[in-house]
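Here is the structure we will look at.
Heavy atoms only: backbone and side chains are in, while hydrogens, waters and symmetry mates are out. Small disclaimer: the values here were computed from a predicted structure and weren't measured. In the text below, chain A, chain B and the rest are named by the order of the sequence lines, each starting its count at 1.
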Protein chains: 4
Amino acid sequence: MFIQIEPLSNVPIYEQVTRQIIEGIARGDMGPGDTLPSVRSLAADLGVNMHTVNKSYHELEAKGIITIRAKSGAIIRSTEERALTPEQLQQIEKNLKPVVAEGMVLGATVDQIEHMMKKVFADLQLPAEGV
Amino acid sequence: MFIQIEPLSNVPIYEQVTRQIIEGIARGDMGPGDTLPSVRSLAADLGVNMHTVNKSYHELEAKGIITIRAKSGAIIRSTEERALTPEQLQQIEKNLKPVVAEGMVLGATVDQIEHMMKKVFADLQLPAEGV
Amino acid sequence: MFIQIEPLSNVPIYEQVTRQIIEGIARGDMGPGDTLPSVRSLAADLGVNMHTVNKSYHELEAKGIITIRAKSGAIIRSTEERALTPEQLQQIEKNLKPVVAEGMVLGATVDQIEHMMKKVFADLQLPAEGV
Amino acid sequence: MFIQIEPLSNVPIYEQVTRQIIEGIARGDMGPGDTLPSVRSLAADLGVNMHTVNKSYHELEAKGIITIRAKSGAIIRSTEERALTPEQLQQIEKNLKPVVAEGMVLGATVDQIEHMMKKVFADLQLPAEGV
DNA sequence: GTGGTCTAGACCACG
DNA sequence: GTGGTCTAGACCACT
């Protein structure tokens with residue numbers, strides 16, 4: 001598994017797990033239909049408690065990214081199953097805003113921020129169209 | 001003051017204050033050399049605890065955005081004073097990444113995310129060059 | 001067979017089987033004296049484990065709805081054989097209560113809930129007397 | 001507090017807590033704006049673990065019935081805030097169905113089931129219009 | 001072997 | 001004092 005935990009981070013461990021699984025899916029490491037490792041095995045891999053991973057999986061389910069089949073495992077949903085609601089788009093904007101604002105205030109130019117954006121797309125192996 | 005607190009949000013109040021001050025500066029509502037309201041008056045305005053605003057100001061100072069001078073108040077530093085370090089640029093990328101990744105996995109297209117980016121720039125009254 | 005399994009549901013598969021057999025009987029698809037398919041054939045039909053169907057049949061027997069005779073199969077009992085005890089009536093009320101209460105708290109009107117009730121009766125092809 | 005836990009029940013404790021809080025709200029024991037007891041105090045009252053009550057509260061939040069304000073408490077939302085979606089109405093029907101079907105198969109008449117319905121409404125102190 | 005539930009007890013951040 | 005997070009370890013139900 002490709003997940004790296006930073007125990008000292010302010011970001012809760014379960015949130016770190018959630019994010020890195022999302023990034024793994026975005027990157028194409030895992031895709032729709034694939035099964036996530038069992039909560040216990042992933043917990044053992046990461047050296048964290050089972051409940052921590054469990055919470056992460058339930059967060060992913062709440063976001064509509066995976067489906068948890070009791071006693072059977074967690075499966076990545078297909079993009080078709082996941083409807084992108086206007087609320088979700090708005091949420092993306094809401095999440096983007098403070099990051100951009102802080103960057104600007106710290107002295108970053110629009111160009112620099114867009115360059116960061118390109119790097120993120122590249123890291124997710126996505127074509128950064130027209131950026 | 002232009003700050004709106006959402007008491008129901010998961011985001012801590014002090015963090016909401018911090019972000020909105022940053023957005024206010026990015027938007028040009030306030031600029032270098034300006035003095036932030038006193039901790040007490042802002043706390044009274046927002047109806048929150050004094051300690052909450054105090055924590056927010058200290059967070060802004062830690063980010064290098066303001067300077068707190070005992071008794072004379074909190075002053076916004078000029079952009080020249082604030083050096084944009086490579087570490088800070090990297091931090092922006094690090095903050096951008098999970099937002100973008102989640103958007104992609106939820107089914108947003110690169111175009112949609114870039115559109116959100118444009119809206120954020122527009123909201124911050126910044127020219128979105130070449131986007 | 002008319003049974004549809006939803007593998008993603010939180011409701012255990014054996015419980016889904018049990019409910020749908022009950023609904024089938026209520027709907028009149030099958031009646032007293034009829035024999036349920038063998039555990040093996042139904043399990044094969046549904047693509048589930050034999051034990052799962054077996055558990056469902058034993059649940060139906062415990063509820064007094066069918067009689068399991070070793071080797072000759074599971075037979076639906078007649079309504080006369082099944083005595084409706086006061087305890088069972090009370091159990092119905094107990095099961096109804098949380099459903100109704102949640103509906104009300106979520107903002108449903110009495111009329112809306114009664115309308116749902118009518119739809120359920122209609123779906124079970126029963127005359128909804130005086131509702 | 002009016003909650004009674006049945007430790008032997010198949011229904012999980014956290015679910016029993018959830019249901020009885022919902023019934024309490026439906027009954028008018030508590031209303032919009034009221035604060036639920038803290039997870040720790042309710043847990044102590046009921047003789048269960050804090051996490052069990054915590055899970056119940058989060059279930060109530062997911063249903064849209066309460067809002068959890070971190071470090072401040074859980075508040076009952078007003079009915080206006082809670083939009084009754086068509087999905088929720090359909091869910092009520094889906095929950096009602098197996099209960100009614102089982103009643104019918106066990107030999108209950110439509111009248112008897114509607115009588116149970118009346119009793120439930122009465123218990124929730126609601127006018128059972130035209131039933 | 002899986003996730004679900006539950007307990008006990010700990011430390012932290014927020015207000 | 002509140003909820004949030006995390007750990008450790010247990011038993012159960014389902015497949």
Side-chain angles (χ1 to χ4, degrees), chain A residues 5 7 9-17 35-44 46-59 61 66-75, chain B residues 5 7 9-17 43 46-56 59, chain C residues 5 7 9-17 43 46-56, chain D residues 5 7-17 35-44 46-59 61 66-75:
Chain A
I5 298 299
S9 166
N10 303 315
V11 182
I13 296 176
Y14 77 89
E15 182 66 27
Q16 295 183 41
V17 173
T35 304
L36 295 183
S38 81
V39 285
R40 279 174 174 79
S41 69
L42 181 52
L46 303 178
V48 302
N49 191 277
M50 182 203 85
H51 293 117
T52 306
V53 174
N54 195 33
K55 180 159 189 177
S56 169
Y57 279 21
H58 279 278
E59 201 188 7
E61 190 178 38
I66 67 172
T67 300
I68 299 176
R69 285 177 59 171
K71 286 104 200 181
S72 152
I75 302 154
Chain B
I5 298 298
S9 167
N10 304 313
V11 182
I13 294 175
Y14 81 91
E15 183 66 27
Q16 294 184 42
V17 174
L46 303 179
V48 302
N49 194 292
M50 202 192 76
H51 298 324
T52 305
V53 174
N54 196 36
K55 178 158 189 176
S56 171
E59 202 187 10
Chain C
I5 298 299
S9 167
N10 305 313
V11 182
I13 294 175
Y14 81 92
E15 183 66 26
Q16 294 184 42
V17 174
L46 303 178
V48 302
N49 194 293
M50 202 192 75
H51 299 323
T52 305
V53 174
N54 195 38
K55 178 157 191 177
S56 171
Chain D
I5 298 300
L8 305 175
S9 166
N10 303 315
V11 182
I13 295 176
Y14 78 89
E15 182 66 27
Q16 295 183 42
V17 174
T35 304
L36 294 184
S38 80
V39 286
R40 279 173 175 80
S41 69
L42 181 51
L46 302 178
V48 302
N49 191 278
M50 182 203 86
H51 292 116
T52 305
V53 174
N54 195 33
K55 181 160 187 175
S56 169
Y57 280 20
H58 279 279
E59 201 188 6
E61 189 179 39
I66 67 171
T67 300
I68 299 176
R69 284 176 60 170
K71 286 106 199 181
S72 152
I75 301 153

**Request:** Could you tell me the separation between the OG1 atom of Thr52(A) and the NZ atom of Lys55(A), rounded to the nearest 0.5 Å?
**Result:** 9.0 Å

**Request:** Starting at NE2 of His58(A), measure out to NE2 of His58(D) and round the result to the nearest 0.5 Å.
**Result:** 13.0 Å

**Request:** Would you kindly give the CG-to-P distance between Asn54(A) and dT5(F), to the nearest whole Å?
**Result:** 14 Å

**Fill in**
Taken to the nearest whole Å, OH/Tyr57(D) to C1'/dT2(F) is 12 Å

**Nearest heavy atoms of Ile75(A) and Arg69(A), plus distance in Å** = CD1-CD, 3.5 Å

**Request:** Identify whether any heavy atom of Val48(C) sits under 4.0 Å from a base atom; if not, whether one sits that close to sugar-phosphate; answer base, sugar-phosphate or nothing.
**Result:** nothing

**Heavy-atom closest pair, residues Val17(D) and Leu46(D)** = CG2-CD1, 3.9 Å

**Request:** Mind checking the NE2-CG spacing from His51(B) to Asn54(B)? Nearest 0.5 Å is all I need.
**Result:** 8.0 Å

**N/O donor-acceptor pair under 3.5 Å between Glu59(B) side chain and Glu15(B) backbone** = no

**Asked** Which pair of non-hydrogen atoms, one from Met50(C) and one from Ala43(C), has the smallest distance, and what is that distance?
**Response** CA-CB, 3.8 Å

**Item:** Separation of atom CD1 in Ile68(A) from atom C1' in dT5(E), rounded to whole Å
**Value:** 14 Å

**Complete:** Atom CG of Leu42(D) and atom P of dT7(E) are separated, to the nearest Å, by 12 Å

**Request:** State, to 0.1 Å, how close Leu42(A) and Tyr57(A) come at their nearest heavy-atom pair, and which atoms those are.
**Result:** CD2-OH, 3.4 Å

**Prompt:** How large an angle, rounded to 10°, do the end axes of the helix from dG1(E)-dC14(F) to dC14(E)-dG1(F) enclose when each is built from five base pairs?
**Reply:** 20°

**Message:** What is the distance, to the nearest angstrom, from the CG atom on Leu46(D) to the P atom on dA8(E)?
**Reply:** 14 Å

**Message:** Generate the contact string for nucleotides 9-15 of chain F. Rules: B means base contact, S means sugar-phosphate contact only, - means no protein heavy atom under 4.0 Å.
**Reply:** BBB-BBS

**Prompt:** Pick the nucleotide of DNA chain E nearest each of Gly47(D) and Arg69(A); which residue has the one closer to the 5' end?
**Reply:** Arg69(A)

